[in-house]
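Note: hydrogens, waters and symmetry copies are ignored here, and every other heavy atom, side chains too, is used.
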Amino acid sequence: MGIVRTEESRKLELEELRRMLVACAGIQRRKDQEEFKGVRVSSKENKDDILEKLVCVTSGVSYLGLAIVNKLLLRGYSVRIIVENEEDINMLREMETSGEMRTISNNVSAVMAKLTEVESLAEAFQGCRGVFHTSSFTDPAGLSGYSKSMAEIEVKANENVMNACARTPSVRKCVLTSSLVACLWRDNAQNDVSSVINHDCWSDETLCTDKKLWYALGKLRAEKVAWTIAKENGLKLATLCPGLITGPNFCRRNPTATIAYLKGAQEMYSNGILAIVDVDRLAGAQVCVFEEMDKNAHGRYLCFDNVIGRDEAENIARETGMPINKICGNGDIEARFELSNKKLCSLMSRTLRSCYSEC
């Protein structure tokens, strides 16, 4: 669904899309919509090759979506980008009309589909071998933040995406972006709570509701719905649970998720579990997990670069415009808990993939 845009963030997205699509754009609309002038595949041999490596990225104009698209293109995939509103289509039209976008390649296409409509998604997924669902959402009320109603929207959208994947014969596997906050909000008063938080850990729904951690609740319930549908339909699924996604202009490009993730930041910081991950590193990890799903990759993966200290917390506060004490309070890190991404690191070290060279 994209993100809530200011004029400045819209210009940033336009420039990001321009750079990506100038090199590899062949934009095509669904057959019932007005078509762009993008290059079409005419050779059956080339068409078969492209279809074998054709994948779909939902919310492809979002901050993470674009990073995944770029990584996929570098790996030789053909990418179908899902856009959901006329604003995103207009951005693509503007680039073509102005001459900023040159249709010199047929490796990427855009199709309009609604995350609220299973049939729309199933049509968009036709012919794709895999789907990357980035779960990028905007506040329907036009406000900054992630509300309880948005959590419900996220769960329903995940359900629709997974059902569409299950009913599309060509789709063999799906990579879902969840969040680290779907793992770390637990009742620490219980004696059996482990000090290590890894891929086996799930946040407590009651705790998230009591603390009004709607982003965590939405990610948690959405991921559980995805796993239920995948298991019922025999669909291969892997989920990545990233820390706070950072990178160039991350707060302006991804404001809703950034602010929502930082709700409860003081407690995460004091417990030593406020972690970040670079958007390009996360995108690379997603592609690598996707490529290994036919071999070793399965289940959930925690993805983060490091747990932040005071200096990084201050940098995030400057980026977001939040008071520093809203992120790390006035205390030090107690490090009561330890985050573990050993499962992802182990997979990456075995595959020796260059797209995720550091853990």
Q.
Walk me through whether Ile229 and Leu235 qualify under side-chain contact (heavy atoms from CB on, under 4.5 Å).
A. CA-CA 8 Å; Ile229 295 173; Leu235 178 69; over 6 Å; no

Q: For the pair Leu180 and Leu244, evaluate side-chain contact (heavy atoms from CB on, under 4.5 Å) and give the outcome as yes or no after the intermediate values.
A: CA-CA 8 Å; Leu180 187 58; Leu244 177 66; over 6 Å; no

Q: Begin with the C-alpha distance, continue with both residues' side-chain angles, and end with the deciding distance and a verdict on side-chain contact (heavy atoms from CB on, under 4.5 Å) for Cys328 and Arg310.
A: CA-CA 7 Å; Cys328 56; Arg310 183 81 186 188; 3.3 Å; yes

Q: Give me the one residue out of Lys211, Arg186, Arg336 that meets salt bridge (Lys or Arg N to Asp or Glu O under 4.0 Å) with Glu267.
A: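 Result: among Lys211, Arg186, Arg336, Lys211 is the only option passing the salt bridge (Lys or Arg N to Asp or Glu O under 4.0 Å) with Glu267.
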
Q.
As a test of understanding, state which of Glu291, Arg129, Lys53 forms a side-chain hydrogen bond (donor to acceptor under 3.5 Å, both in side chains) with Tyr77.
A.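 It is Glu291, the one option of Glu291, Arg129, Lys53 that forms the side-chain hydrogen bond (donor to acceptor under 3.5 Å, both in side chains) with Tyr77.
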
Q. Of Ser179, Ser203, Ser178, which meets side-chain hydrogen bond (donor to acceptor under 3.5 Å, both in side chains) against Glu223?
A.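 Looking at Ser179, Ser203, Ser178, the match for Glu223 under the side-chain hydrogen bond (donor to acceptor under 3.5 Å, both in side chains) is Ser178.
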
Backbone of [Y] reached by a side-chain donor or acceptor of [X] within 3.5 Å:
X      : Y      : value
Ser59  : Ser62  : no
Asn160 : Leu115 : yes
Asn341 : Leu344 : no
Asn271 : Ile273 : no
Ser109 : Arg80  : no

For the hydrophobic clusters of this structure (ILVMFWY residues joined by side-chain heavy atoms under 4.5 Å, transitively), does one cluster hold both [X] and [Y]?
X      : Y      : result
Leu262 : Ile324 : no
Val118 : Phe132 : no
Met293 : Leu240 : yes
Trp227 : Val225 : yes

Do [X] and [Y] have side-chain heavy atoms sitting under 4.5 Å apart?
X      : Y      : result
Asn107 : Val79  : no
Phe304 : Ile276 : no
Ile327 : Leu274 : yes
Leu302 : Cys183 : yes
Leu220 : Trp202 : yes
Pro242 : Thr177 : yes
Tyr261 : Lys263 : no
Met348 : Glu292 : no

Value rounded to 0.5 Å, distance of [atom1] in [X] from [atom2] in [Y]:
X      : Y      : atom1 : atom2 : value
Met162 : Leu237 : CE    : CG    : 4.5 Å
Asp278 : Ile245 : CG    : CD1   : 10.0 Å
Leu72  : Leu54  : CG    : CG    : 10.5 Å
Thr58  : Ile81  : OG1   : CD1   : 11.0 Å
Ile68  : Leu282 : CD1   : CG    : 6.5 Å
Glu314 : Ile308 : CD    : CD1   : 10.0 Å

Between [X] and [Y], which heavy-atom pair has the shortest distance, and what is it?
X      : Y      : answer
Val279 : Ala67  : CG2-CB, 3.8 Å
Val289 : Ala238 : CG1-CB, 3.7 Å
Lys224 : Glu205 : NZ-OE2, 4.0 Å
Ala297 : Leu347 : CB-CD2, 3.9 Å
Ala285 : Cys303 : CB-SG, 4.2 Å
Val171 : Gly130 : CG1-CA, 4.5 Å

[X]-[Y] side chain donor-acceptor pair, cut-off 3.5 Å:
X      : Y      : result
Thr168 : Ser170 : no
Glu319 : Asn249 : no
Tyr301 : Gln286 : no
Tyr146 : Glu154 : yes

**Q.** Trp185 vs Asp204, side-chain contact (heavy atoms from CB on, under 4.5 Å): CA-CA, chis, key distance, verdict
**A.** CA-CA 6 Å; Trp185 289 108; Asp204 183 88; over 6 Å; no

(Q) Quick test of your reading of the model: are Arg167 and Glu119 salt-bridged, counting only N-O distances below 4.0 Å? (A)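 Result for this pair is yes, salt bridge flagged.
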
**Q.** Check ion pair Lys71-Asp280 (N to O, under 4.0 angstrom)
**A.**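 No, Lys71 and Asp280 are not salt-bridged.
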
Q | Cationic tip of Lys173 above Phe290 ring, under 6.0 Å, 45° of axis | A |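 That pair qualifies as a cation-pi contact.
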
Q | Evaluation steps, salt bridge (charged side-chain N to carboxylate O under 4.0 Å, His left out), between Lys236 and Asp294 | A | CA-CA 9 Å; Lys236 287 187 177 180; Asp294 293 325; 3.0 Å; yes

Q: Can you establish whether the number of heavy atoms outside Lys156 located under 6.0 Å from its atom NZ is more than 12?
A: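 Incorrect, the count does not exceed 12.
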
